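The model shown is predicted, which means the values in this text are computed figures rather than measured ones. Counting convention: from 1, in listed order, for ligands and their atoms alike.
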Amino acid sequence: MTGPRTVLVLGGTTEGRAAAAELAARGGVRVISSLAGAVRSPRLPDGEVRIGGFGGPGGLARFLHAERVSAVLDATHPFAATMTANAAAACTATGTPLVVLRRPGWTPVPGDRWHRVGSVAAAAAAVLPALPALPPGERGRVLLTTGRGGLAEFAGVDAEFWIRAVDPPDGPLPERHTLLLDRGPFTLDAERALLDRVRPHVLVTKDSGGDATAAKLVAARERGIGVVVVDRPGVPPGVPVADTVAAALARLPC
Ligand code: NAP
């Protein structure tokens, strides 16, 4: 094949933007970043950008063929399991090299009071058991930072929720809730101030990893607040995984 090599970066993350910027700066590489279109005003990466789903693994396979993509970097969020599975299937079907970039998950340190669960549904079930003993008549307060998806799981939980999300969620929500529309990165001072204002008994988070949203864990530890942590889904077997942008780019054949 002649002409520049084309790399498709499945993005929507800080790492996806960093990888696109590095590839675009190399020269001789055409970079197409793909965003889901889930966020109203996404931060746009360098290089070409396309927005919206491909239409499942078949649609992605057709895109790889039409755009003569030479390699795919899956830099989606660790919880974007459907896209990651679709990328693995489409790359296998088309013989396109694929590398998954997954930043490491968070690790508890002494003083953390984490309850690990396997899904957002399990997190909803874990909220009430994770509450400390409360005086009669006091309702549990929960700071929910799992994003817009899966909030319906918490709709039947009898607690007062503060829901932090980038865009307003749709679908069923807990009866008692306050929306906090905000987008990271969040500083430690800002997270301390938020916890001191909301005074949650429990924080709920996905194990997203990375620095941008880790400060809440430190602030929760300092205040002795329990944290329900949703474990990440796995990566399809046999797909190479790198945990930094540099390591992922080193493994990409371009
Ligand atoms: P998902 O459940 O794995 O994906 C659902 C569908 O959205 C996919 O089947 C695909 O549609 C489309 N899609 C997802 N990522 C795409 C991308 N980068 N380019 C084009 N289409 C994409 O993913 P999700 O959890 O909804 O996340 C969507 C996006 O938001 C991802 O790019 C992810 O990096 C970002 N994000 C997710 C989270 C989270 O907690 N899940 C947090 C921060 C950012 P088709 O089947 O039609 O191709």
Roughly how far, to the nearest 0.5 Å, is CG of Leu134 from NE2 of His201?
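It is 4.5 Å, given to the nearest 0.5 Å.
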If we ignore hydrogens and angles and just use 3.5 Å, is the side chain of Thr13 paired with the main-chain N or O of Ala75 as donor and acceptor?
yes
With a 3.5 Å distance limit and no angle check, can you tell me whether Arg5 reaches the backbone of Pro253 through a side-chain donor-acceptor pair?
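Yes.
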side-chain hydrogen bond (donor to acceptor under 3.5 Å, both in side chains) involving Asp170 - partner list, sequence neighbours excluded:
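Partners of Asp170 by the side-chain hydrogen bond (donor to acceptor under 3.5 Å, both in side chains) criterion come out as none, since no residue qualifies.
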SB check Asp167 Arg183 (cutoff 4.0 Å)
no
So does Asp182 pair up with Arg164, basic N to acidic O under 4.0 Å?
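Looking at Arg164 together with Asp182, the answer is no, because their closest N to O distance does not fall below 4.0 Å.
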Compile the protein residues with any heavy atom at a distance under 4.0 Å from an atom of ligand 1; present them by chain, then by number.
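Gly11, Gly12, Thr13, Ser34, Leu35, Ala36, Arg50, Gly52, Gly53, Phe54, Gly55, Gly56, Thr76, His77, Phe79, Ala80, Ala81, Thr82, Met83, Asn86, Lys206.
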